[in-house]
Amino acid sequence: MKSIDKIPVGKIGRTTEMVKTGVKIGGNYLKYYSKKAFDKDLNRDQLDEDNAGDIYDGLKNLKGSALKVAQMLSMEKSLLPSAYVEKFSLAQFSVPPLSAPLVRKTFKKYQGGYPEELYDTFTPESINAASIGQVHQATKDGKKLAVKIQYPGVAESISSDLAMVKPIATRMFNLQGSDSDKYFKEVEGKLIEETDYILEVEQSKYISTACAKIEGLRFPKYYEDLSSEKIITMDWMEGQHLSEFTKGDFTKEEGDKLGQVLWDFYMYQMHELKAVHADPHPGNFLVDKERNLIAIDFGCIKQVPEEFYIPYFELAVPKNINNKEFFLEKLYELEILREDDSDKEIDYFSTLFYEMLSLFTSPFHGDTFDFSNEEFWNKITALSEKYSKDTELRKMNGNRGSKHFLYINRTFFGLYNLLHDLEAEIDTKQYKKYCDNKE
């Protein structure tokens, strides 16, 4: 794959790249409707494929938050056409790397020396290139190391990138009024945190130390003296990306074991630490030869405040969600219902969220849950399609839910997808043995 010598970092340069992408998409629609005029049965598959390819090509040159959005969207398997999911999932692994001269320049600026001065050996070609940074291999004092380098201009372009996305998102989700800004500020804040590599090292050490007791889970060691605001040095961990592992042959025992580790890891973070690794895509997990799970990349950690945690998990209990008065009270606490809602809106959204939460929290309802059960996934897909086509929903104010839903739902949806890929049947209560409070 050809390397990149320069990334557009200014607002004008990045907007120009997006405009070029828009022109290509316009051309795709023109071709589609021209063919449609002669073939009424023509489906959108080729259009989706062409658009997904052009959008991805534009985003991968911009890198940063623009590409991160594609990466996030690739996890929404039940919400997007498969062409987009397949193409955007490349944002996890397959993007053009920075050229060697640009890597050396970045090192000199942020680490005070060139790579060959800081490590015994350093591979100038990246091993992995993703949305915010790329990884190189190095050695020092006999240790094999992974060195993550952040792309230039990523942090500085977050606000302008999101400003370009905001009008599209506002129309897609029918967000109304100034209070919709809380959702964009939440995303912007988390993306800015992800570009702070000093914070990431702190978070990585905290989570890995706290979760070291979980059996079958491994973490790299982080080296603060070889890290800075744009560079992170950690142990090189040998293993297969989880997405590659699940595409191959594995036994039910292996799938269940890895799935249990994943579940215990996330439930311990959620219930004990009240802080969770909120980026559960397959590129952030490896599987070693002993079938241990290796967790990497702790740039996106979501703090879970008590005022959200308590009502959210109260509604994971069937008797609570089926108590109408209690259910409505919690919907107000979670900002799903608003004081200015009409009776029609209260009825509509309470019905919608009853369906959603009843389904989404079903893994918590028993002592075990089988994520290979296709009925569960078919229900999620059916519910998504039902409301995506609901014209009534388009007429209502889309500002629904606490800002904390954004990353908590993303975390659970990503986790459920990983467990589904592993075809895992798990013990939903086992994580409690690691908790100080066993209740």
Side-chain angles (χ1 to χ4, degrees), residues 72-82 84-86 88-89 92-93 214-218 239-271 276-295 313 316-318 321 355-386 408-434:
M72 290 165 69
L73 287 171
S74 74
M75 293 162 59
E76 307 295 328
K77 295 179 183 177
S78 66
L79 305 179
L80 286 176
S82 60
Y84 289 88
V85 173
E86 289 169 14
F88 289 177
S89 65
Q92 297 169 17
F93 314 111
I214 298 173
E215 298 161 27
L217 186 61
R218 295 177 59 211
Q240 191 177 24
H241 278 298
L242 190 56
S243 59
E244 296 167 2
F245 176 82
T246 55
K247 285 175 185 172
D249 294 325
F250 59 92
T251 66
K252 176 170 172 49
E253 184 183 7
E254 290 173 327
D256 288 349
K257 178 195 171 187
L258 288 165
Q260 189 67 57
V261 175
L262 257 178
W263 180 266
D264 291 347
F265 176 46
Y266 272 92
M267 292 308 105
Y268 181 80
Q269 292 175 87
M270 187 71 70
H271 297 294
V276 66
H277 179 284
D279 197 7
H281 70 73
N284 284 339
F285 294 97
L286 304 173
V287 179
D288 69 15
K289 289 181 180 177
E290 289 73 40
R291 298 301 185 250
N292 294 305
L293 187 74
I294 303 169
F313 284 99
V317 179
I321 204 169
E355 286 188 83
M356 286 179 61
L357 290 170
S358 296
L359 178 59
F360 210 58
T361 62
S362 56
F364 299 100
H365 295 170
D367 292 334
T368 62
F369 193 82
D370 187 355
F371 283 92
S372 69
N373 184 350
E374 290 302 327
E375 185 181 352
F376 174 65
W377 294 98
N378 291 339
K379 285 180 179 177
I380 288 178
T381 303
L383 192 62
S384 172
E385 288 179 355
K386 174 184 173 180
I408 297 302
N409 281 356
R410 177 192 177 199
T411 297
F412 276 114
F413 199 77
L415 173 63
Y416 288 1
N417 271 306
L418 294 179
L419 292 167
H420 180 242
D421 290 343
L422 287 164
E423 302 175 13
E425 186 173 359
I426 53 99
D427 178 337
T428 62
K429 306 292 195 297
Q430 181 177 290
Y431 75 91
K432 292 184 178 181
K433 72 180 184 180
Y434 302 112

**Message:** Looking at K247, I'd like to know if its NZ atom is crowded, meaning that more than 12 non-hydrogen atoms belonging to other residues, nucleotides or ligands lie closer than 6.0 Å.
**Reply:** no
**Request:** For atom CD of E374, decide whether the heavy atoms of other residues, nucleotides or ligands shown that lie under 6.0 angstrom number more than 12.
**Result:**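 Correct, the count exceeds 12.
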Does some side-chain heavy atom of [Y] sit less than 4.5 Å from a side-chain heavy atom of [X]?
| X | Y | answer |
| --- | --- | --- |
| L258 | F245 | yes |
| L359 | L383 | yes |
| M267 | L415 | yes |
| N292 | K257 | yes |
| H271 | F313 | yes |
| M270 | Y431 | no |

**Request:** For a ring-ring contact (aromatic ring centres under 6.0 Å, His included) with H420, tell me which candidate from W377, F371, F376, F369 qualifies.
**Result:**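 That would be W377; it is the only one of W377, F371, F376, F369 passing the ring-ring contact (aromatic ring centres under 6.0 Å, His included) with H420.
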**Prompt:** If every non-hydrogen atom of R218 is compared with every non-hydrogen atom of D288, which pair is closest and at what distance?
**Reply:**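 So the minimum-distance heavy-atom pair works out to NH1-OD2, 2.9 Å.
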**Item:** Closest approach of T411 to H277 (non-hydrogen atoms, all atoms of both residues)
**Value:** CG2-O, 4.0 Å
For the [atom1] atom of [X] and the [atom2] atom of [Y], what is their distance to the nearest 0.5 Å?
| X | Y | atom1 | atom2 | value |
| --- | --- | --- | --- | --- |
| N417 | T246 | CG | OG1 | 10.5 Å |
| H241 | N284 | NE2 | CG | 9.0 Å |
| L262 | I214 | CG | CD1 | 10.5 Å |
| K379 | T381 | NZ | OG1 | 12.5 Å |
| Q430 | E215 | CD | CD | 7.0 Å |
| S243 | L286 | OG | CG | 9.5 Å |

**Request:** Fit a plane to each ring of F265 and F285, take the angle between them on a 0 to 90° scale, and name the class: parallel (under 30°), tilted (30 to 60°) or perpendicular (over 60°).
**Result:**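 Perpendicular.
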**Prompt:** Does D367 offer a backbone N or O that forms a donor-acceptor pair with the side chain of T428 under 3.5 Å?
**Reply:**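 Yes; judged by distance alone, with no hydrogens or angles, the pair exists.
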**Prompt:** Okay, side chain of E425, backbone of D256: is any donor-acceptor separation there less than 3.5 Å?
**Reply:**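 Between the backbone of D256 and the side chain of E425 there is no qualifying donor-acceptor contact (under 3.5 Å).
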**Request:** Just do the side-chain contact (heavy atoms from CB on, under 4.5 Å) check on D421 and L242 with the steps written out, would you?
**Result:** CA-CA 9 Å; D421 290 343; L242 190 56; over 6 Å; no
**Request:** Would you confirm whether the ring centroid of Y416 sits within less than 6.0 angstrom of the ring centroid of F360?
**Result:** yes
**Prompt:** Is the distance between the ring centroids of W263 and F364 less than 6.0 Å?
**Reply:**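 For W263 and F364, the ring centres are under 6.0 Å apart.
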